[in-house]
Colleague: 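One structure coming up, written as structure tokens, with questions to follow.
So that the names make sense, note that chain A is the first sequence line, chain B the second, and so on, each numbered from 1. Worth knowing before you read on, the calculation uses all heavy atoms, side chains too, and leaves out hydrogens, waters and symmetry mates.
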Amino acid sequence: MIELIGVSKRFGDTTAVDDISLRVERGELCVLVGTSGCGKSTTLRMINRLIEHSDGEIHIDGQQIRDFREETLRRRMGYAIQSTGLFPHWTVARNIGLVPRLLKWPPARIRKRVEELMAMLGLSMEEFAGKYPRQLSGGQAQRVGVARALAADPDILLMDEPFGALDPITRETLQHELRELQSRLQKTIVFVTHDMDEALRLADRLVVMDGGRIRQQGHPLELLREPADAFVESLLGGEDRGLKEAALLTVGERMMPLSPRLLPRERISRHATLREALSMMLWRHAERLAVVDDEDMPVGELSLRQLVGAKHHE
Amino acid sequence: MRASRESESGSSDTEERSKGGVNAEVVNKEVINKEAVNRDSPRPNVVLVSLLLATLVAWSGLDAVSVAPNRIVPGQGHAAWDVAGWPGFLLSLVPMLAVLALAWRPDRRRLRWALGLAVAMLAALPAWLALASARLVDADLPQARMGVGAGVWVALFLLLLALIELRTRLALPRTLGWSLLLVPLASLAAWLTFGLAPLALRQEFLTRRDGFIAAIVEHLLLVGAAVGVSLVLGVLLALAMRRWARCRTLGFAVLNFLQTIPSLALFGLLLAPLAWLGAHVEWLAALGVSGIGAAPALLALVGYSLLPMVRNTFVALDEVDPGVIDAARGMGMSRGQVFRQVRLPLAAPVILEGIRITTVQAIGLTAVAALIGAGGLGTFIFQGLGQAAMDMVLLGALPILVMALIADALLGALTDLTRQGEAT
């Protein structure tokens, strides 16, 4: 658990972060989002003391971060950044083993852990262990970056625009993988991004920042449905909000049981998002879709009315 | 699982690319056939052709050797046909013309032949000189000596350039390129032992054998001391400059100023204060500090060496990717660990580059230091100039050249070695 209480950061006369309070529960993925210069990166870097906060208190599992030695504190947290920060003169395996080595794990345990992580992130040991970062694609390098952050199995993971430099397709793949990884590992993650779609896709808790202050925080759906002010509303996509919300809801939440009517030909998985369902309706000129489960068996149906309206259904 | 998918798509990508390459080749061939233009061998290698043409001109137009009855009298020049007669001269042109022909339509196989011929020609040069000494030097005159003429020097130089060009074209590794030179060197050593007694350089060497070896040792000691001291000082200075901005501006200003003083002037400027120190401070005098000699030379050499050393070290340390340093600190490395395990190894190639530049520069500058009595190979150069004995000048200059080349090659190889991890 991470808790920030009235935290500020001043550089000379300018205030980068102004009296923010934030609580990230254990196992929660908290995304800080905002335009550049809004103080989101500064906030993240104050948590592992790469930047010292000027005022307020930051607690990790109830303990002030200033009670730890800087190095000890950082070794307890994973850290992944946009440029990956992989050491170009070290092999992939050595890069991943960095923090365990700093913690003086025995070599055999480090080797085992590196193998485990590479398998977890889908990097084949034979192919990648001996490679140097320059030989990797952007996506592979970022996977290594995430593996390195997870190496010593920290409870807390700090990620500063880790997917910012990737192409959209790789980025989406990695976002998906991170979500999957998170559902298994249940880390406490603070994730900084300026990409609202990424933020909405990943966040359990969404924190919108502007001018060093927190404008609004909460579950992504909460923010979409009730933005606190015009700034949050415009940042969340203004007129696109409906589609963004639809992207957060699944077909399973809105479908109706099978009716005696003829089953529609177009099928969609119950795990698909409402946005995908709407897209399929537009594309196929269909008002009704058959909803199927993982075995492709029909379990319900979804009509355009249920998809869009359905106020009574909530 | 995702990565394997990605790598699969990657490999199919390359497959497609290679298919594309094949297609492109096929298309090219078709175009060529259609146009019925004979373009199966590429254009002439302009560099090699002009090098070889220049070699031909120098070889035929300039003196091959000069022969003098003794050391004092100026020698008389002899052209290449005097050395071997007209048939022999024409025969000597054959390999050059052959390389010329090979370079006109170069492909890999032809360039390999050209490389072999160039090495063979270099190896044959000492034999050519031996032939000249046997035919042109009067055996009854024990003082008679033979100087290497401009034609042979120029041919040697141009053929070495041709060798470098061939090495680059054939993309031979550095070590192989250097080992090619062993053949001509072995030939030179053999001919120096068994023939070539009248060669002036050899005679100059024999009369000064002890002095020559001592001079080389002095030269190397001076260079070693200058590079060593400036390395230690340079790294310390660079570290200080990184920490304090004021130190940076001041330091670079002073070092840049030092670099602009001509070397002779700096030696002169140091004369007075060091002479005074040597005369008034006993322990300094005991250390050998005086207005002339090794002490002022070393000081000046260090002064000149500091700028390239500090500049390279500073830039090397400063330009390490900030993202890497940020990650290193964020992972929980201490400042010392970041410096030793990340910053320094990543800066090493550029720092080594600085050492290489400094060393090569110091080897040359040390020659000038002979003027203030520091010893070293420069002694021969200035004595030779004073006596108008060009062979003696060469006795000093050639080893300096060789030392600079060897230092350059060794430190260059070391730099490559430290870069290896980063290379793909």
Side-chain angles (χ1 to χ4, degrees), chain A residues 44-45 48-50 69-91 94-95 98-99 101-103 118-124 127-128 131-137 139-140 143-145 148-149 151-152 154 158 160 169-170 173-174 176-177 180, chain B residues 1-17 245 313 315-353 413-424:
Chain A
L44 180 95
R45 293 162 66 87
N48 66 1
R49 289 183 67 189
L50 282 174
R69 261 184 69 220
E70 277 177 53
E71 284 86 34
T72 320
L73 179 78
R74 290 177 194 149
R75 286 170 199 173
R76 284 185 50 169
M77 303 180 183
Y79 184 53
I81 57 176
Q82 171 168 2
S83 59
T84 74
L86 295 179
F87 299 168
H89 58 308
W90 285 9
T91 60
R94 199 160 170 217
N95 263 294
L98 170 64
V99 182
R101 216 165 22 250
L102 290 176
L103 293 170
M118 288 185 68
M120 186 153 77
L121 284 149
L123 297 159
S124 105
E127 194 181 345
F128 290 105
K131 279 198 173 172
Y132 286 94
R134 219 164 269 191
Q135 295 164 285
L136 304 177
S137 72
Q140 288 160 354
R143 275 192 188 89
V144 176
R148 184 172 68 168
L158 305 178
D160 194 351
I169 294 173
T170 316
T173 318
L174 280 175
H176 188 75
E177 279 176 46
E180 224 164 69
Chain B
M1 16 116 221
R2 299 272 177 190
S4 65
R5 213 175 63 187
E6 204 173 85
S7 70
E8 268 170 37
S9 73
S11 65
S12 69
D13 224 355
T14 50
E15 260 174 47
E16 265 181 32
R17 227 176 288 141
T313 310
V315 169
L317 290 174
D318 211 47
E319 294 205 331
V320 173
D321 179 4
V324 171
I325 300 297
D326 182 50
R329 291 190 55 216
M331 292 281 151
M333 288 177 114
S334 67
R335 278 183 190 280
Q337 283 169 329
V338 172
F339 188 80
R340 283 193 308 275
Q341 296 186 32
V342 184
R343 201 184 277 281
L344 200 57
L346 286 177
V350 185
I351 297 179
L352 273 173
E353 193 73 15
L414 202 63
T415 312
D416 284 357
L417 214 66
T418 55
R419 278 218 170 103
Q420 215 156 45
E422 300 163 59
T424 46

Colleague: Atom CZ in A:Phe87, atom CD1 in B:Ile325: separation rounded to 0.5 Å?
Modeller: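 Here the interatomic distance stands at 7.5 Å.
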Colleague: Identify which part of A:Leu86 has an atom lying under 4.5 Å from any heavy atom of chain B, answering side chain, backbone, both or neither.
Modeller: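 Backbone only.
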Colleague: Chain B heavy atoms under 4.5 Å from A:Arg45: which part of the residue, side chain, backbone, both or neither?
Modeller: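 Side chain of A:Arg45 only, per the 4.5 Å heavy-atom cut-off to chain B.
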Colleague: Report yes if some heavy atom in the side chain of A:Arg75 is under 4.5 Å from a heavy atom in the side chain of B:Met331; otherwise report no.
Modeller: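 With C-beta onward as the side chain, the pair stays apart.
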Colleague: As an exercise, state the distance from CG of B:Asp326 to OH of A:Tyr79, rounded to the nearest 0.5 Å.
Modeller: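 With rounding to 0.5 Å, CG (B:Asp326) is 3.5 Å from OH (A:Tyr79).
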Colleague: Indicate yes or no: at least one non-hydrogen side-chain atom of B:Arg329 is less than 4.5 angstrom from one of A:Asn48.
Modeller: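 Heavy-atom side-chain distance check fails, nothing below 4.5 Å.
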Colleague: To the nearest 0.5 Å, tell me how far A:Arg74 CZ sits from B:Ser334 OG.
Modeller: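 Here the interatomic distance stands at 10.0 Å.
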Colleague: Identify the heavy atoms of B:Val324 and A:Pro88 that sit nearest to each other, and give their distance.
Modeller: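 Distance-wise, the nearest heavy atoms are CG2-CD, 4.1 Å.
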Colleague: In terms of heavy-atom proximity below 4.5 Å to chain A, should B:Gln337 be classed as side chain, backbone, both, or neither?
Modeller: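 Interface part for B:Gln337: side chain.
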Colleague: What's the shortest heavy-atom distance between B:Gly323 and A:Ser83, and which atoms?
Modeller: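 Of all heavy-atom pairs spanning B:Gly323 and A:Ser83, the closest is CA-OG, 3.7 Å.
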